[in-house]
Structure formats: C-alpha cells, structure tokens
Amino acid sequence: MATYVLVPGFWLGARAWRAVTADLRGRGHDVHPLSLTGLGERAHLARPDTDLETHITDVLELIRYEDLHDVVLVGHSYAGAAVIPAVADRLPDRIGKLVFVDTGPLPDGMSQAEFAPPDQQAHDAELVRAEGDGWRLPPPAWREVAPGLPAEELERQSAPQPWATATTPVRLGGDWEKVPRLHVLCSFTVEQVHAMADSVPAFQHMREGGWTHRDLPGSHWPMLDQPGELAAILDEAQPMCG
C-alpha cells in the first residue's frame with residue numbers, strides 16, 4: 001500500500017479526483033484528495049489574502065496532521081507548478097515521489113501568472129478587475145477550453161481562483177530536487193518539453209536529471225477524461241520499499 005496526496009489545479013477542488021481516488025483505493029492505497037483553501041467545498045474560505053503560501057500550508061498541514069510518510073504527492077497544473085515543489089522543499093523527508101500532471105515546476109522567483117504570455121496576463125488581470133472584485137479569477141468557459149469534458153459538472157465544481165495564489169512568486173531551495181520526480185505528459189510531449197527548456201527559463205527544471213516520463217495523450221485534465229489510465233500510472237509510481 002502506498003500513500004497519495006492529490007492536489008488539483010486552478011478552480012477545482014478534491015472532487016475532481018473522485019474517480020482516480022476510488023480507483024487507487026480499490027487497489028488498496030491510502031488516498032487523500034485535497035481541496036485547497038477557497039476552492040471546492042472550501043470555496044467559502046476564500047479571501048483577498050489567500051495566496052500561494054496559504055495553499056502550500058494546506059498541503060503541509062494535511063501531511064503533518066495525518067502523519068503521512070513516503071507520500072506520492074501529485075499536483076495537477078498550478079498545483080504541480082507552484083505548490084508541490086514548495087511542499088517537498090520544506091518536508092523532503094515525508095515525500096517519496098513528486099508527480100507532475102501535465103505541468104512542471106516553476107523556477108524560484110517566478111509566479112504562475114508570469115508563466116503565461118503577456119497577452120494572457122493582461123486578459124486575466126482584466127477579468128480579475130472586472131469580474132472578480134479585484135482579487136478572484138473567474139473559472140473559464142469550460143465548453144470552450146475543455147471540449148469533450150462534462151461542462152455542466154465542471155461548472156458546478158469550479159470556483160473563482162484567489163488571484164494572489166497566481167501572483168505570489170515561488171520560493172524554492174534545493175531539497176525538493178532530491179525527491180524522485182515523475183512527469184505525466186498529456187497535452188505536450190517530452191520532446192516539446194526539452195525543446196522549450198533549451199530556450200525558455202520557465203522550463204529549466206524539466207531539462208535537468210532526476211525525471212521519469214509517462215505519456216498520457218489527451219486533455220489537460222486527465223483525472224476527468226482518463227481517470228483509470230491516470231490511476232494506473234500513479235499505482236506504478238509508488239515508492240519502492242526498502
């Protein structure tokens with residue numbers, strides 16, 4: 001049996017992992033899907049000062065209070081880019097493996113918002129100002145960004161993302177890089193990752209050693225459209241005993 005902590009990306013809570021959680025538990029694993037502060041069933045806790053540090057603390061406290069060890073810490077999208085590397089940097093002795101689902105770790109000092117192209121940054125900032133009371137990023141039009149996924153269910157599940165989580169720079173030392181890392185690639189390939197890493201500083205960590213890669217071609221949200229396949233990859237990713 002392995003221990004998994006599953007962390008969703010922007011706009012979604014623990015429910016997004018429901019099918020993956022059920023599959024992994026059916027395989028005998030201990031699984032902890034997590035809703036970050038301000039999202040999922042914790043949407044009512046969102047505040048203007050809910051930032052990246054808040055979300056890092058969410059995961060740290062789950063691991064500490066549940067007394068979890070050798071954790072397979074799984075982060076999708078934003079959670080992989082910014083949250084789980086910082087958690088592993090602070091609790092490397094508790095993390096057995098990091099799994100990045102269709103994402104990669106941001107370099108120290110970069111925020112999630114800065115990763116986007118300038119036109120997307122401006123568009124998001126205007127959405128926050130005009131529709132998010134100046135501190136929340138509204139969910140996307142799911143039918144447009146995720147065709148083929150259950151749009152009505154996504155609309156029910158999603159909540160505005162506290163914008164400070166996207167604008168807070170990641171602060172990393174080097175301890176997280178000592179943890180084995182798995183990259184689950186869905187909307188891009190390992191060849192594309194390496195090509196981007198040669199010219200884009202934001203991808204620098206994905207060019208270095210210590211990675212294994214698994215391809216799962218499909219949408220950016222494999223926990224929703226390929227939960228069985230993703231669960232099988234995670235099952236194989238459990239840390240080796242001894």
Side-chain angles (χ1 to χ4, degrees), residues 2-10 32-39 49-116 121 161-185 188 190 193-194 196-214 234 237-241:
T3 299
Y4 295 83
V5 172
L6 310 178
V7 191
F10 270 14
H32 301 262
L34 176 64
S35 289
L36 298 169
T37 298
L39 300 162
D49 61 353
T50 301
D51 62 5
L52 174 59
E53 187 65 29
T54 308
H55 286 174
I56 294 166
T57 301
D58 287 336
V59 183
L60 289 170
E61 294 306 283
L62 171 68
I63 293 170
R64 286 170 174 150
Y65 277 90
E66 293 291 336
D67 196 25
L68 306 180
H69 297 263
D70 292 323
V71 174
V72 181
L73 182 56
V74 182
H76 170 250
S77 197
Y78 151 76
V83 179
I84 68 170
V87 171
D89 214 38
R90 300 182 197 187
L91 279 182
D93 59 321
R94 296 289 192 98
I95 310 302
K97 182 167 287 187
L98 291 170
V99 181
F100 297 81
V101 179
D102 213 38
T103 189
L106 294 173
D108 177 62
M110 177 176 280
S111 71
Q112 181 71 26
E114 290 173 321
F115 179 74
Q121 293 183 41
Q161 183 79 18
W163 189 232
T165 65
T167 58
T168 307
V170 176
R171 297 301 179 195
L172 296 173
D175 284 345
W176 74 275
E177 294 183 273
K178 301 172 186 176
V179 179
R181 305 184 297 280
L182 171 64
H183 206 174
V184 181
L185 304 167
F188 50 92
V190 66
V193 169
H194 289 169
M196 289 184 289
D198 288 337
S199 58
V200 182
F203 287 87
Q204 65 183 26
H205 285 307
M206 290 186 278
R207 183 62 165 166
E208 297 165 357
W211 290 91
T212 54
H213 303 274
R214 287 294 304 272
L234 296 179
Q238 58 184 291
M240 298 297 293
C241 298

S.K.: Between CD1 of Ile56 and CZ of Arg171, what distance do you get to the nearest 0.5 Å?
M.R.: 11.0 Å
S.K.: Checking Leu39 against Gln161 for the side-chain contact (heavy atoms from CB on, under 4.5 Å) test, could you report, in this order, the C-alpha distance in whole Å, the side-chain angles of both residues, the deciding distance, and whether it holds?
M.R.: CA-CA 7 Å; Leu39 300 162; Gln161 183 79 18; 3.5 Å; yes
S.K.: Between His55 and Thr37 (side chain of the first, backbone of the second, donor and acceptor by atom type, cut-off under 3.5 Å), is there such a pair?
M.R.: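 Judged by distance alone, yes, a pair lies under 3.5 Å.
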S.K.: Okay, side chain of Lys178, backbone of Pro92: is any donor-acceptor separation there less than 3.5 Å?
M.R.: no
S.K.: Strictly distance-based, threshold 3.5 Å: is any side-chain N or O of Arg94 a donor or acceptor partner for the main-chain N or O of Leu68?
M.R.: yes
S.K.: I'd like to know if the side chain of Asp108 reaches the main chain of Leu172, judged simply by a donor and an acceptor atom lying under 3.5 Å from each other, with no hydrogens or angles considered.
M.R.: yes
S.K.: Please give me the minimum heavy-atom distance between Gln238 and Ala2, naming the atom from each residue.
M.R.: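 Shortest heavy-atom separation between Gln238 and Ala2 comes out as CB-CB, 3.5 Å.
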S.K.: Where do Pro180 and Gly96 come nearest, in terms of heavy atoms and distance?
M.R.: CD-O, 3.6 Å
S.K.: Yes or no on side-chain contact (heavy atoms from CB on, under 4.5 Å) for Leu91 and Leu60, after CA distance, side-chain angles and deciding distance?
M.R.: CA-CA 8 Å; Leu91 279 182; Leu60 289 170; 3.6 Å; yes
S.K.: Check whether any side-chain heavy atom of His32 lies under 4.5 Å from a side-chain heavy atom of Leu62, and answer yes or no.
M.R.: yes
S.K.: Under a 3.5 Å distance rule, please check whether Asp102 uses its side chain to pair with a backbone N or O of Leu185 as donor and acceptor.
M.R.: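 Not confirmed, Asp102 side chain does not pair with Leu185 backbone.
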S.K.: Per the ring pair (Phe, Tyr, Trp, His ring centres under 6.0 Å) rule, what does the pair list look like for residues 85-104, sequence neighbours excluded?
M.R.: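 Those involving residues 85-104 are Phe100-Trp211.
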S.K.: Determine yes or no for a side-chain-to-main-chain donor-acceptor pair under 3.5 angstrom, with Glu66 supplying the side chain and Ile63 the backbone.
M.R.: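 No, the answer is negative, given that no donor and acceptor are paired below the 3.5 Å cut-off.
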S.K.: I need the Arg181 CZ to Lys97 NZ distance, nearest 0.5 Å.
M.R.: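 Interatomic distance, Arg181 CZ to Lys97 NZ, rounded to 0.5 Å: 11.5 Å.
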S.K.: Side chains of Leu98 and Ile95: does their closest heavy-atom pair fall under 4.5 Å?
M.R.: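 Yes, their side chains come closer than 4.5 Å.
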S.K.: With a 4.5 Å limit on heavy-atom distance, are the side chains of Trp163 and Thr168 in contact?
M.R.: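 Trp163 vs Thr168: side chains apart.
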S.K.: With the threshold set at 4.0 Å, does a side-chain nitrogen-carboxylate oxygen contact exist between Glu61 and Arg90?
M.R.: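 A salt bridge is absent here (no side-chain N lies under 4.0 Å from a carboxylate O).
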S.K.: Answer whether the closest heavy-atom distance between the side chains of Val74 and Leu234 falls below 4.5 Å.
M.R.: yes
S.K.: What pair of heavy atoms forms the shortest contact from Pro8 to Ala79, and how long is it?
M.R.: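 Taking every non-hydrogen atom into account, O-CB, 3.3 Å.
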S.K.: Return the NE2 to CZ distance between His76 and Phe10, rounded to the nearest 0.5 Å.
M.R.: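 It is 11.5 Å, given to the nearest 0.5 Å.
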S.K.: Indicate yes or no for a side-chain donor-acceptor contact from Tyr4 to the backbone of Pro33 under 3.5 Å, with no hydrogens or angles considered.
M.R.: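 No, the answer is negative, given that no donor and acceptor are paired below the 3.5 Å cut-off.
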S.K.: Is Gln112 close to Leu106 at the side-chain level, that is, under 4.5 Å between some pair of heavy atoms?
M.R.: yes
S.K.: Write down the atom of Ala88, the atom of Val179, and the distance for their closest heavy-atom approach.
M.R.: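 Minimum heavy-atom contact is CB-CG2, 4.4 Å.
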S.K.: Output yes when a side-chain donor or acceptor of Asp51 lies under 3.5 Å from a complementary backbone atom of Thr165, and no otherwise.
M.R.: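 Checked: no pair found.
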S.K.: Nearest heavy-atom pair of Thr167 and Ala113: which atoms, and what distance?
M.R.: CG2-CB, 4.3 Å
S.K.: Is Ile84 close to Val99 at the side-chain level, that is, under 4.5 Å between some pair of heavy atoms?
M.R.: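 No, side chains not in contact.
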S.K.: Give me the atom names and distance for the closest heavy-atom approach of Ala81 to Pro85.
M.R.: O-CG, 4.0 Å
S.K.: Hey, are the side chains of Val7 and Leu73 touching, using non-hydrogen atoms and a 4.5 Å cut-off?
M.R.: yes
S.K.: Any side-chain heavy atom of Phe188 within less than 4.5 Å of one from Thr103?
M.R.: no
